[in-house]
Each structure stands twice: as C-alpha cells, then as structure tokens.
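No experiment lies behind these values; they were computed from the predicted model shown. A, B, ... follow the sequence lines: proteins, then strands. Residue 1 opens every chain.
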There are 2 protein chains.
Amino acid sequence: MTESKAAQAEGAAKPRRRQARGERRVQQLLDAAASVFCQNGYAGASTNAIAREAGVSPGTLYQFFPNKEAIAVELGERLTHQMRQAHGLVFTVENAALPLGEMLDAVLDPMIEFNCANPAFLALINSTDTPGPVVEEHDALHLTLQSRVEELLGLRHPELPADRRTRTATMAFHLFKAGLDVILAHEGAEQRAYITETKDALYRYLAPIIGTEGSPVR
Amino acid sequence: MTESKAAQAEGAAKPRRRQARGERRVQQLLDAAASVFCQNGYAGASTNAIAREAGVSPGTLYQFFPNKEAIAVELGERLTHQMRQAHGLVFTVENAALPLGEMLDAVLDPMIEFNCANPAFLALINSTDTPGPVVEEHDALHLTLQSRVEELLGLRHPELPADRRTRTATMAFHLFKAGLDVILAHEGAEQRAYITETKDALYRYLAPIIGTEGSPVR
DNA sequence: GGCAAACACGAGCGATCACTCGCGTTTCAC
DNA sequence: GTGAAACGCGAGTGATCGCTCGTGTTTGCC
C-alpha cells in the first residue's frame with residue numbers, strides 16, 4: 001500500500017513484481033518481527049526466530065527482505081509513517097487554541113493510543129543496537145515533532161526566547177516519553193492512572209511557562 | 001576492596017589468591033568494559049573488544065572472569081554499591097525537612113553527579129540485552145530508592161493515600177530518569193540548563209502534592 | 001636461588017547466526 | 001494449457017564470537 005507506487009518511482013533498482021500472497025507474507029513477517037523485537041530487542045532477534053514466528057522458512061524470509069536490517073528499516077518506516085499521519089491530525093491550530101488541559105488531552109491521547117497499540121515502536125528506538133537508518137528515520141520524526149511542539153509553544157507564548165522554547169520542548173518531549181514507558185509497563189486501572197499522572201506532570205511543567213488559558217484569537 | 005572479605009565469607013567456592021597486579025587488571029578490564037558497554041550495549045560488546053580496550057589478550061580476561069556475563073555483573077555490583085553509598089548520605093531526615101527546592105537540590109545533585117561520572121550505569125540498565133542478574137540487582141536498588149522516596153513523601157504529607165503515594169514516587173522517579181537522559185546527552189552550559197530544567201519539572205510536579213514548605217518538626 | 005602459583009599470551013575450537021542455493025510448487029498472463 | 005516468474009523450502013556455508021588450552025613469564029614466599 002505504501003510503496004507500490006514508490007517502488008515504481010525508484011524504478012530501475014526493483015524489477016520485482018509482487019503477488020497478493022507476497023504482500024500478505026511481508027505483513028506476516030513484519031508482525032512477527034515486531035513481536036520478536038519487543039521480546040529480545042534488535043540484536044537478540046534472530047532472523048530464523050522471526051521466520052519461525054511468522055510460520056515460514058528462513059529462505060522465504062529472504063525472498064522479501066535482502067537482510068535483517070531491511071526488516072527493521074521497513075518496520076520502522078511503516079510505524080513512523082503511521083505516527084506522522086497521526087500527529088498531522090493532532091497539531092492543529094484549533095488544538096493550539098484550546099485550554100492547556102484540553103490541549104494535552106487532544107495531543108497526547110492519540111500518541112498514547114498509538115504506542116499502546118504498537119509497542120514495537122518504542123522497543124525499537126529504546127534499543128541500543130538498532131541499525132543506523134532506523135535511528136535516523138526516528139530522529140527525523142523526533143525533529144518534526146519537536147518543532148511542532150515549539151511552534152505550539154510560540155503560538156501560545158510568543159515572547160518566550162528561542163533557546164528557552166527549544167529547551168522546554170525537548171524537556172516536555174522527554175517527560176512524555178518517560179510517562180509512556182511507565183504507561184506501557186502497566187495495564188488496566190493502573191495504566192489509566194499513570195496516563196492521568198503523565199498529563200498532570202506535563203500540565204504542571206508547562207502551565208507556568210505558557211499559561212493555562214486557551215486563546216480565542218485565530 | 002569490596003569482596004576481599006566477601007570472597008572469604010563465601011569461602012569454599014573461591015580458592016583464588018589474587019596479587020596486586022591482578023587487582024589492577026580487574027580494574028582495567030572493568031573500566032574497559034564500561035567504556036565498550038557504553039558504546040555498543042551489552043550484546044554488541046565482544047569480549048575480545050573489551051580485552052583489546054584494556055590492552056590485554058582474551059585469555060587474560062578469562063583469567064579473572066569466568067564468562068562475559070560475570071563482567072557485567074561485577075561492574076553492575078560495583079556501580080550499584082557506589083550508588084547505595086551515595087543515596088544513603090542523601091535520604092536523611094534533615095533533607096526531608098528542607099523546603100522542596102532545597103530538598104531537590106540535596107537529593108538530586110549527588111545522583112546527577114554520579115550518573116555523569118558513570119555513564120555505564122545508565123547504559124547498562126537502559127540496554128535491553130543486559131543479563132538477568134544485573135537487571136535484578138538494579139531492580140533491587142530501584143525498589144529501595146523508590147521506598148525511600150515514598151517514606152519522604154509520607155513524612156511531608158502523611159494524609160496521602162498509599163496508592164497515590166506509590167504512583168507519585170514511581171512517576172517522580174521516572175521523570176527524573178528522563179531528565180537524566182537529557183542531561184547526559186548534553187554538556188557544558190546546555191547540560192547545566194537541563195539540570196535546572198529537570199529540577200523545575202520535578203518541583204512543579206511535586207509541589208501541588210506535598211507542598212513547598214520545609215517542616216520544622218523533627 | 002628455587003619452586004609453586006598467579007599472570008599473560010594468542011591460536012583455535014565449537015556454537016550460533018545471518019544469509020544462500022538448488023530445487024520443487026503455485027500463480028498468472030497469454 | 002503452457003511457460004515464466006513469484007513463492008516456498010530447509011540443509012548448508014562462511015563469519016563472528018564466547019571461550020579454552022598449551023605454553024611461557026612474573027611474582028612472592030621459604
């Protein structure tokens with residue numbers, strides 16, 4: 001779905017026609033990889049284990065991926081792509097105008113939901129041995145997210161010096177990631193409690209800097 | 001220094017007499033291991049690379065450690081031991097009675113300093129492939145630290161329900177760890193700025209819960 | 001000085017793992 | 001229907017890595 005056109009755009013390098021069965025296999029393999037990466041990290045995940053988890057032979061796996069790294073890269077790309085779509089819907093001018101508490105709900109809830117549904121995302125980027133390209137892919141996402149947060153801070157508090165704004169955004173981002181880790185480590189009622197706890201922490205961190213009121217302008 | 005007595009206490013299992021040269025080698029090897037673990041994580045660190053970094057042959061390494069895991073375990077033990085000593089000096093009744101801002105300085109500064117001086121500590125426990133015993137060792141430290149924080153919360157706000165207290169301590173702990181990661185990722189003036197930023201975040205998170213005033217009692 | 005034990009070396013062994021290759025099966029365009 | 005290409009298999013290959021072993025050197029004790 002993502003690269004049926006993209007592959008043809010790259011053109012010459014990929015003279016590979018893929019059948020519906022193949023697309024299904026790729027998805028199976030990526031799902032299996034996500035599961036194994038979650039359990040053992042990137043280095044700890046053997047390609048044979050991924051193939052076994054997907055219910056295919058090692059040879060079949062290499063029918064669709066040139067090497068182990070490509071699996072992580074493709075998985076990373078799909079996850080970051082989904083993440084970008086999600087955050088595009090979230091950093092809107094309407095949300096920027098909301099009161100702080102509601103803004104945090106509007107921005108954070110989709111992020112939390114995504115990471116709960118795709119724990120492989122955090123597992124991959126928290127792992128130290130993830131391949132370079134995946135890290136760079138995520139760094140790029142991180143940068144756009146951070147600049148979105150900075151824009152948002154700028155809208156709500158234009159007088160804030162640029163360096164303070166960058167620091168605040170960085171800090172808020174990492175505070176949220178810490179909250180996410182705690183949230184993912186719990187379930188049920190506990191998990192819900194830590195979700196509100198995370199929002200509280202961010203609210204209290206941001207309130208003195210950008211205020212709690214939503215702006216009616218724009 | 002740590003186990004010259006402890007080894008004799010365990011007794012029968014260790015009929016090994018160590019010379020001064022040997023102790024020096026062990027320290028060299030642990031330093032080298034810390035450095036390599038920082039760069040590549042546990043799984044990515046080959047024993048040959050550790051030996052090379054220490055300037056000795058692979059065989060020499062195995063003169064002092066039965067296997068790769070033992071290196072990480074010994075390193076982890078030494079680091080957690082130092083950490084325990086540091087935090088014993090930090091969670092005192094006097095500090096508990098301080099105003100919130102000063103209390104955070106008193107408790108956090110030594111922790112930050114330790115982790116800046118020993119980045120291998122965070123690297124090891126953030127790595128997904130760290131051996132079980134090291135993780136358990138750290139979990140134990142984590143638990144005692146967390147209960148110290150809970151005691152401290154209890155002293156300052158006795159009416160706080162137990163589950164709220166646990167959640168607050170957990171959250172504060174992870175917020176601090178997030179701050180630590182950001183702090184370690186910077187240096188110089190930037191690093192100092194993120195130190196105060198981390199303290200601010202914790203101050204604002206804790207102030208509504210336990211108040212900002214120090215208690216004159218006790 | 002002499003001897004036993006600790007220290008040091010580095011080539012190499014066995015296991016693991018990413019990846020291949022030859023061959024058989026399914027799918028699809030014509 | 002038929003041929004070409006995609007799909008599928010799993011034993012095997014080469015490289016890496018944890019670890020050993022035979023041998024030689026240094027240290028400390030009598």
Side-chain angles (χ1 to χ4, degrees), chain A residues 3-4 7-8 13-30 32-33 36-37 39-75 127 129-134, chain B residues 3-4 7-8 13-30 32-33 36-37 39-75 127 129-134:
Chain A
E3 65 281 296
S4 59
Q8 292 186 1
K14 303 206 173 189
R16 189 54 162 263
R17 235 186 66 220
R18 188 144 291 164
Q19 304 180 349
R21 188 177 26 152
E23 297 288 351
R24 257 181 283 129
R25 278 273 179 268
V26 169
Q27 192 57 51
Q28 275 177 37
L29 285 165
L30 288 177
V36 179
F37 285 154
Q39 292 167 32
N40 310 101
Y42 175 78
S46 84
T47 53
N48 290 25
I50 295 175
R52 202 180 320 119
E53 174 86 13
V56 303
S57 80
T60 298
L61 185 153
Y62 284 92
Q63 192 88 207
F64 300 100
F65 298 98
N67 51 48
K68 182 180 174 181
E69 182 176 319
I71 305 173
V73 170
E74 178 67 26
L75 184 59
S127 195
D129 40 26
T130 344
V134 181
Chain B
E3 65 281 292
S4 60
Q8 292 185 0
K14 303 208 173 191
R16 189 54 163 263
R17 232 185 69 220
R18 188 143 292 167
Q19 303 181 349
R21 188 175 30 149
E23 296 288 351
R24 256 181 284 130
R25 277 273 177 268
V26 169
Q27 193 56 50
Q28 275 177 39
L29 286 164
L30 288 176
V36 179
F37 285 155
Q39 291 168 30
N40 310 100
Y42 175 78
S46 84
T47 53
N48 289 25
I50 295 175
R52 202 179 321 119
E53 174 85 14
V56 302
S57 80
T60 299
L61 186 153
Y62 284 94
Q63 192 89 208
F64 300 100
F65 298 99
N67 51 47
K68 181 179 173 181
E69 183 176 319
I71 305 173
V73 170
E74 178 66 27
L75 184 60
S127 195
D129 40 27
T130 340
V134 181

- Task: Assign each of A/G22 and A/P58 to its nearest nucleotide of DNA chain D by heavy atoms, then name whichever residue's nucleotide is nearer the 5' end.
- Result: A/G22
- Considering only heavy atoms from C-beta outward, does the side chain of B/V73 approach that of B/F65 to under 4.5 Å? no
- Using atom CZ of B/R18 as one end and atom P of C/dA4 as the other, report the distance to the nearest whole Å. 22 Å
- Item | Whole-Å distance separating the CZ atom of B/F65 from the P atom of D/dT20 | 15 Å
- Which residues pass the side chain to side chain donor-acceptor pair (under 3.5 Å) test with A/R52, sequence neighbours left out? none
- Message: If the condition is side chain to side chain contact (heavy atoms under 4.5 Å, CB included), which residues does B/Y62 pass it with, not counting sequence neighbours?
- Response: B/T47
- Item | All side chain to side chain contact (heavy atoms under 4.5 Å, CB included) counterparts of B/S46, not counting sequence neighbours | B/N48, B/A49
- Message: Just to verify, what does B/N40 make a side chain to side chain contact (heavy atoms under 4.5 Å, CB included) with, not counting sequence neighbours?
- Response: B/V36
- Query: Expressed in angstrom and rounded to an integer, what is the separation of A/Q63 atom CD from D/dA5 atom C1'?
  - Reply: 10 Å
- Task: Would you mind reading off the distance between B/L61 atom CG and D/dC21 atom C1', rounded to a whole angstrom?
- Result: 16 Å
Protein and nucleotides 25-28 of chain D: nitrogen or oxygen contacts under 3.5 angstrom:
none

- Query: Reckon A/T60 has a side-chain N or O less than 4.0 Å from the OP1 or OP2 of D/dC9?
  - Reply: yes
- Of all residues at least two apart in sequence or in a different chain, which pass the side chain to side chain donor-acceptor pair (under 3.5 Å) check with A/R18? none
- Of the candidate nucleotides C/dT20, C/dC9, D/dG8, which contains the atom at the shortest distance from the side chain of A/F64? D/dG8
- Item | Between the first and last five pairs of the helix from C/dG1-D/dC30 to C/dC30-D/dG1, the angle of the axes, rounded to 10 degrees | 20°
- Query: Which residues pass the side chain to side chain donor-acceptor pair (under 3.5 Å) test with B/Q63, sequence neighbours left out?
  - Reply: B/R16
- Item | N or O in side chain of A/R25 less than 4.0 angstrom from D/dG8 OP1/OP2 | yes
- Please name all residues satisfying side chain to side chain contact (heavy atoms under 4.5 Å, CB included) with B/T130, sequence neighbours left out, ordered by chain then number. B/L124, B/S127, B/V134, B/V135
- Message: Expressed as a whole number of angstroms, how long is the span from A/E69:CD to C/dC19:C1'?
- Response: 14 Å
- Query: So what does A/G59 hit on the nucleic acid, given a heavy-atom distance under 4.0 Å: a base, only sugar-phosphate, or nothing?
  - Reply: base
- Which pair of non-hydrogen atoms, one from A/A32 and one from A/E53, has the smallest distance, and what is that distance? CB-CG, 3.5 Å
- Task: Apply the test side-chain contact (heavy atoms from CB on, under 4.5 Å) to residues B/I71 and B/F64: give CA-CA distance (whole Å), side-chain angles for both, the deciding distance (0.1 Å), then the verdict.
- Result: CA-CA 9 Å; B/I71 305 173; B/F64 300 100; over 6 Å; no
- Query: Hey, mind stepping through A/Q27 and A/R24 against side chain to side chain donor-acceptor pair (under 3.5 Å) and telling me if it holds?
  - Reply: CA-CA 5 Å; A/Q27 192 57 51; A/R24 257 181 283 129; over 6 Å; no
Can you tabulate the close N/O pairs, meaning under 3.5 Å, that link protein atoms to atoms of nucleotides 14-18 of chain D?
residue : atom : partner : partner atom : Å
D/dG18  : OP1  : B/A45   : O            : 3.3
D/dG18  : OP1  : B/K68   : NZ           : 3.0
D/dG18  : OP2  : B/T47   : N            : 2.7
D/dG18  : OP2  : B/T47   : OG1          : 3.0

- Between B/S57 and C/dC9, is there a side-chain N or O to OP1/OP2 distance below 4.0 Å? yes
